[in-house]
There are 2 protein chains.
Amino acid sequence: MARAAGLSIATVSRALNRPELLNEDTRRIVNEAVARLDYRPSVAAKRLRGNRTDLILVVVPSLSPFFLDIFAGVEAAAERAGFSVLVGHTDRNSARERLFVDQVGASRADGIILVTSVDLPTLTGMGWLPPTVVALDVDGGGGLPMVRVDHVAGAEDATNILLNLGHTRVAHILGPERSGMTRHRLEGYQRALAARGLNVNPDYCVRGDFTVESGVAAINALLALPSPPTAVFAANDQMAIGAIRGLRRRGLQVPRDMSIFGFDDERIAALCDPPLSTVRIPTFEIGRTAMEQMLRLLEGAAMEHDLVLPTELVIRDTAAPAPDRA
Amino acid sequence: MARAAGLSIATVSRALNRPELLNEDTRRIVNEAVARLDYRPSVAAKRLRGNRTDLILVVVPSLSPFFLDIFAGVEAAAERAGFSVLVGHTDRNSARERLFVDQVGASRADGIILVTSVDLPTLTGMGWLPPTVVALDVDGGGGLPMVRVDHVAGAEDATNILLNLGHTRVAHILGPERSGMTRHRLEGYQRALAARGLNVNPDYCVRGDFTVESGVAAINALLALPSPPTAVFAANDQMAIGAIRGLRRRGLQVPRDMSIFGFDDERIAALCDPPLSTVRIPTFEIGRTAMEQMLRLLEGAAMEHDLVLPTELVIRDTAAPAPDRA
DNA sequence: TTGAAAGCGTTACCAC
DNA sequence: GTGGTAACGCTTTCAA
């Protein structure tokens, strides 16, 4: 103990936390002793008293690059506030999710940020919940603080780009059934068409499952139509890339023969050939905002309980004017 | 406090930690009380006594997808041992790295896994160091426990594949200067050639900087040679993809007109067109092994101080027999 | 088999 | 301004 400094234990504590209360001399003495003994306050003891850990647990369903930027955002905001970030992933397993929540219950962390909860209803049904913020879930719910993104508006924007380029036959490759994301993105597509008085041709809505292969299959189905589209909005980048690949295999070029738009702005979108026009989800900002919400929650400050962040169009090289306009 | 269970504080503690010492009845009483009060032991208090946090800090230079699998490996091993994982990134900033090390010094975590240290020499020069494992650094050093990967052997294997396909004019696109990784991969390339009695044509070694663009530039330089190579081993996937792209722009096809080999097996390698043959770095295993080393370090158990993991060839579609053999 | 009590390193309250 | 001390919630001797 730093009482080898010849001073009382209380004084040392003050010197470290509220130096302004002390004599300059005493302060100096303490500082010297600290330096001499290479003394570091025990975080554990501080926690025992303060009942806080300055730790936030971020739980993701899977460790995909997509969540990396979210994490980066959380970390940025956390660091500024003196928090560190614990990471866990649930493997989309609801039991694991509950386990993590319990960890926080056991005061291993001050709060938990759930990036896309696996099973929100069960969670909110569990009597007590630690301070929780849900990020990126499509559907609101549970009355927990949320940070989300407007998939409908994003899809509408993307479709509008295609429409503004003069395309009138614009198809949509949907995501898997029963996914809220799929539903929202489809809705955005429909809205954009409706706003122009165009009606949705059911043949132009083909189902995929978010994989590259399903994109290839979808474009083949579209091409087999008596009157194929001239532009395609895919519900994610992978399927958009599949579409481009399918087109290329038939000797068709993007965007000369067909315009393509994706969604997500995954890393590969910028790297593929040609670079894909797509819709960016503000991942970093979602992470940052979620952490900021957490800080407010922890302080008991007033807060907006459902924050919706806008997406952003990323125009690259896969969308060109419609052929009759070119 | 669970002394509402009518028992002494010590008994409760025992019931939770060493139930075998107790009467079955008492044990039951405690369990009931625990359930009734939804009691959770305070981690903070436990730590104060035990002087450990059951936390491991993983520090990466940047938040790239590459480190994701490493993290997954660390987490897998950590979870099994009852540890949680804290994540930090240094932005390649040596001061930040020292900061994280200090965090551990302040007993916020029991140990630190440095995934590619920014500044190992400074660190080892800092008098005291917390339990530290270094993962993925190319050069050994500092006497710290290391988990590494054999870049030389990986590069040699890749080059040998090309050589075995009958190519005699095999070029290499190097990474940036002053990178240990670049040096090792170049060495592997040279070794493979030397083993066949081939000598290294300096024109066939062109410098890149690990970006797609530099790959395009490199392939252009190679193609401009009086006698261009028929196969290219690029020091990473990005440059390999750049090479493929450059080739395609000139109407050349891979692997028909040129064989290409990458290094790293990034996600994009499987997704690009055609899927890239490359060398996989066992990222998950590196993470797991590093954490296992950490566990040994913490226990003071005997351990190998420099573990080198093998790379793995991933044969996809970008390498074909040499033209005169086809 | 169980209970009492010391001690872990802080902070915060109250005296001096 | 500074020192004494209780309290935080646990583990771990030591006694009973």
Report summary line: One should read off an interatomic distance between B:Arg148 CZ and B:Asp306 CG, to the nearest 0.5 angstrom, of 4.0 Å

Query raised in the report: Given atom CG of A:Leu21 and atom P of C:dC16, what is their separation to the nearest angstrom?
Result: 20 Å

Report task. Determine: side-chain N/O of A:Ser42 to OP1/OP2 of C:dG9, distance under 4.0 Å, yes or no. Result -> no

Query raised in the report: Given atom CD1 of A:Ile29 and atom C1' of D:dG1, what is their separation to the nearest angstrom?
Result: 13 Å

Report summary line: Output for pair (B:Asp69 CG, B:Glu285 CD), nearest 0.5 Å, gives 9.0 Å

Query raised in the report: How close or far is atom P of C:dT2 from atom CD of B:Glu20, stated in whole angstroms?
Result: 13 Å

Report summary line: When rounded to whole Å, the CG to C1' distance for the pair A:Asn51 and C:dA12 reads 15 Å

Query raised in the report: So, the side chain of B:Asp91 versus the backbone of B:Asn93: is there a donor-acceptor pair under 3.5 Å, distance only?
Result: no

Report task. Rounded off to whole Å, could you give me the CG-to-C1' distance for the A:Leu22 and D:dG3 pair? Result -> 11 Å

Report task. Could you tell me whether A:Glu292 and A:Arg288 have a side-chain N and a carboxylate O separated by less than 4.0 Å? Result -> yes

Query raised in the report: Quick one: B:Arg47 CZ to C:dT10 P, roughly how many Å, whole number?
Result: 16 Å

Query raised in the report: A:Arg27 near the nucleic acid: base, sugar-phosphate alone, or nothing, with a heavy-atom cut-off under 4.0 Å?
Result: nothing

Report task. Can you measure from CZ (A:Phe210) to CE (A:Met181) and round to the nearest 0.5 angstrom? Result -> 4.0 Å

Query raised in the report: Hey, which of these two, B:Asp25 or B:Leu48, hits DNA chain C nearer its 5' end, going by closest nucleotide?
Result: B:Asp25

Query raised in the report: Is the shortest distance from a Lys or Arg side-chain nitrogen in B:Arg27 or B:Glu32 to a carboxylate oxygen in the other one below 4.0 Å?
Result: no

Query raised in the report: Out of C:dT10, D:dT2, D:dC10, which has the shortest distance to the side chain of B:Ala45?
Result: D:dC10

Query raised in the report: Is the shortest side-chain N to carboxylate O distance from A:Asp139 to A:Arg183 below 4.0 Å?
Result: yes

**Report entry** Reading 5' to 3' through nucleotides 11-16 of chain D, protein heavy-atom contacts under 4.0 Å coded B for base, S for sugar-phosphate only, - for none
**Finding:** BBB---

Requested in this report: Mind calculating the distance between CD (A:Glu24) and P (D:dT2) to the nearest angstrom?
Outcome: 11 Å

